[in-house]
Trainee: 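There's a structure below that I have some questions on.
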There are 2 protein chains.
Amino acid sequence: MGHSQADKREGHDRIVRIAAKRFREDGLDRLSIADLMNEAGLTHGGFYKHFDSRNDLVLQALRVALHESSTPDAGRSRKAKGTVPTLQSVVKGYLSKSHRDSPGAGCAVGALISDIGRAGSDAKDLYTKRVQQNLDSVAALIGDPDDSADRAKAIVVLSALAGAIGLARAVSDDRLSNDILCTVRDFLTASFGDKSVSRF
Amino acid sequence: MGHSQADKREGHDRIVRIAAKRFREDGLDRLSIADLMNEAGLTHGGFYKHFDSRNDLVLQALRVALHESSTPDAGRSRKAKGTVPTLQSVVKGYLSKSHRDSPGAGCAVGALISDIGRAGSDAKDLYTKRVQQNLDSVAALIGDPDDSADRAKAIVVLSALAGAIGLARAVSDDRLSNDILCTVRDFLTASFGDKSVSRF
DNA sequence: TGTACATCAGTGAACGCGCGTTCACTGATGTAC
DNA sequence: TGTACATCAGTGAACGCGCGTTCACTGATGTAC
């Protein structure tokens, strides 16, 4: 338990990273400061040496969660992360069982979709920027990010991805959950996967 | 403030309906029993004459929320509700601004998608049944609910609807929010709207 | 139809608990000389 | 290089508050005679 400046930065980062994970798993409301600090190996009193308030933490952790899960990477396997992403590889990773079962390490746009609708405007703004960036990335994978038809396709892809991962996580029937993952994955790769053969 | 059996039933229904609305607006965690009873015109102590516990309320209200928002109707305008639903009319209602802006009166599958993933198995089971029913309804609108290709299309439609309404609510940029609504609406009606010209 | 009585929906004070936040304190860190 | 001192990350008790839940009580309802 050091007291140096480097120790503080390290502790701060650890707290934020844990929160970024827990928020994606449990939503923005359920994580208590005592639990968080305990998980970080600290006591709850020190929290305010790092953050102005709980809401300050939410914003910082949300920023980190959104950052470490930029869509083209979220859910992709470690192996796939070294390679050049394609729409196929992104969709395959996003709608994988491992991504479904590890929301804390996955895409915050998908994991927090209902929560952000009820959150403050600062959180919504952060989220919105990430969605815009994701639309750009996906549009670039499909074709030309400046082409409005490709942007439209990207909107459809993002909506289908977010809806499918959410439904797959919500549903208690394993067969149905897997079915949602596979069906939407196959549909998106078939419809948008190949730049030259897009049917939309 | 009557004390008759009819009064009790009426009060019970009122409490559950208010909860069903508030849960869709604010999620399953934020509604307090005191607030709920107050909104129903009662005092908090009487709550346990109606429910075993808060979780009992959650389950009853979830059941009602899921029931009064079976997908083919959720979000459809009052005018449209009298007519025979088509995929077009359902999609149009679901991805309308009025549905986006009134989650408390809309589809619980969309409004609670993140929340149910973190809820208990009873809640997940109720939700899952509704999703299955919605898949059947949508598959019937597209073609044959027993045909696996039409079922696959229904899965895509439901995922896109849930993702689009969630994103449209989460995003703070009005232009983007409207764009998501319109783009996904146009895509779904163009791709699945006409039974004879489906391209998937 | 009228009376006596059991039931029970609704009331509001009270409970223990966990929450976010504050604060006086400790002791390692980093700096000035 | 060694010493004195200011800083400040981390500690843990304490705060007020709102939560879900319990309970003794009230008085209208519904029933038995």
Side-chain angles (χ1 to χ4, degrees), chain A residues 1-23 25-65 115 118-120 122-123, chain B residues 1-23 25-65 115 118-120 122-123:
Chain A
M1 217 66 60
H3 286 244
S4 71
Q5 294 165 355
D7 286 337
K8 178 175 189 188
R9 220 174 306 123
E10 191 190 302
H12 186 99
D13 286 357
R14 193 166 64 249
I15 296 167
V16 173
R17 275 201 315 275
I18 291 169
K21 170 169 170 274
R22 294 287 304 273
F23 283 148
E25 290 170 350
D26 298 336
L28 266 17
D29 286 334
R30 294 198 204 196
L31 177 62
S32 78
I33 285 161
D35 279 358
L36 169 65
M37 294 300 279
N38 184 52
E39 200 171 321
L42 296 167
T43 51
H44 65 276
F47 178 84
Y48 294 90
K49 289 280 152 59
H50 292 281
F51 309 97
D52 290 342
S53 65
R54 189 182 187 283
N55 194 52
D56 182 23
L57 164 76
V58 169
L59 260 17
Q60 289 195 35
L62 182 60
R63 171 167 257 128
V64 167
D115 308 83
R118 308 167 193 138
D122 288 349
Chain B
M1 217 67 59
H3 285 246
S4 72
Q5 294 166 356
D7 287 336
K8 177 174 188 188
R9 222 174 307 122
E10 191 190 300
H12 186 99
D13 286 358
R14 195 166 63 249
I15 296 168
V16 173
R17 275 201 314 274
I18 291 169
K21 171 170 168 272
R22 294 285 307 272
F23 283 148
E25 291 170 350
D26 298 336
L28 266 17
D29 286 333
R30 293 194 193 182
L31 178 62
S32 79
I33 286 162
D35 279 357
L36 170 65
M37 294 301 277
N38 185 52
E39 201 171 323
L42 296 167
T43 51
H44 66 276
F47 179 83
Y48 295 90
K49 288 279 153 58
H50 292 281
F51 309 96
D52 291 341
S53 64
R54 189 182 188 283
N55 194 53
D56 181 24
L57 164 75
V58 168
L59 260 19
Q60 290 195 37
L62 182 60
R63 172 169 258 127
V64 167
D115 308 84
R118 308 166 194 138
D122 288 348

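Residue numbers begin at 1 in each chain, while the letters A, B, ... track the order of the sequences.
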Trainee: Can you name the residues that form a ring-ring contact (aromatic ring centres under 6.0 Å, His included) with H50(A), not counting sequence neighbours?
Mentor: H12(A)
Trainee: What distance separates D13(A) CG from R17(A) CZ, expressed to the nearest 0.5 Å?
Mentor: 6.0 Å
Trainee: With a 4.0 Å cutoff (strictly under), does any side-chain N or O of H50(A) reach OP1 or OP2 of dG10(D)?
Mentor: yes
Trainee: Sequence neighbours left out, what passes side-chain contact (heavy atoms from CB on, under 4.5 Å) with R118(A)? Give chain and number order.
Mentor: S114(A), D115(A), R30(B), L112(B), D115(B)
Trainee: Quick one: side-chain contact (heavy atoms from CB on, under 4.5 Å) partners of D35(A), sequence neighbours excluded?
Mentor: L31(A), S32(A)
Trainee: Is the phosphate of dG10(D), meaning OP1 or OP2, less than 4.0 Å from a side-chain N or O of K49(A)?
Mentor: no
Trainee: So which nucleotide from dG20(D), dG10(D), dT11(C) ends up closest to the side chain of Y48(B)?
Mentor: dG20(D)
Trainee: Would you give the length of the straight line joining atom NZ of K21(A) to atom CG of L36(A), rounded to the nearest 0.5 angstrom?
Mentor: 11.0 Å
Trainee: I'd like to check the side chain to side chain donor-acceptor pair (under 3.5 Å) partners of E39(B); sequence neighbours left out, ordered by chain and number.
Mentor: R22(B)
Trainee: Start at the 5' end of DNA chain C and walk down; is the nucleotide closest to Q5(A) or to F47(A) reached first?
Mentor: F47(A)
Trainee: Is DNA chain D part of any stem, that is, at least 3 consecutive Watson-Crick or G-U pairs with both distances under 3.5 Å, and where?
Mentor: C:2-33 with D:2-33
Trainee: Of the residues in residues 27-36 of chain A, which ones touch DNA chain C at a heavy-atom distance under 4.0 Å?
Mentor: L31(A), S32(A), I33(A)
Trainee: If you restrict it to nitrogen or oxygen atoms, what contacts under 3.5 Å exist between nucleotides 13-16 of chain C and the protein, and what is each distance?
Mentor:
from: dA13(C); atom 1: N6; to: H44(B); atom 2: NE2; distance (Å): 3.1

Trainee: Once you round to the nearest 0.5 Å, how far does CD1 of I15(A) lie from CG of L42(A)?
Mentor: 5.5 Å
Trainee: The criterion is side-chain contact (heavy atoms from CB on, under 4.5 Å); which residues satisfy it with V58(B), sequence neighbours excluded?
Mentor: F23(B), L28(B), R54(B), N55(B)
Trainee: Output one line per pair: protein atom, nucleotide atom from nucleotides 4-6 of chain C, and distance, for all N/O pairs under 3.5 Å.
Mentor:
none

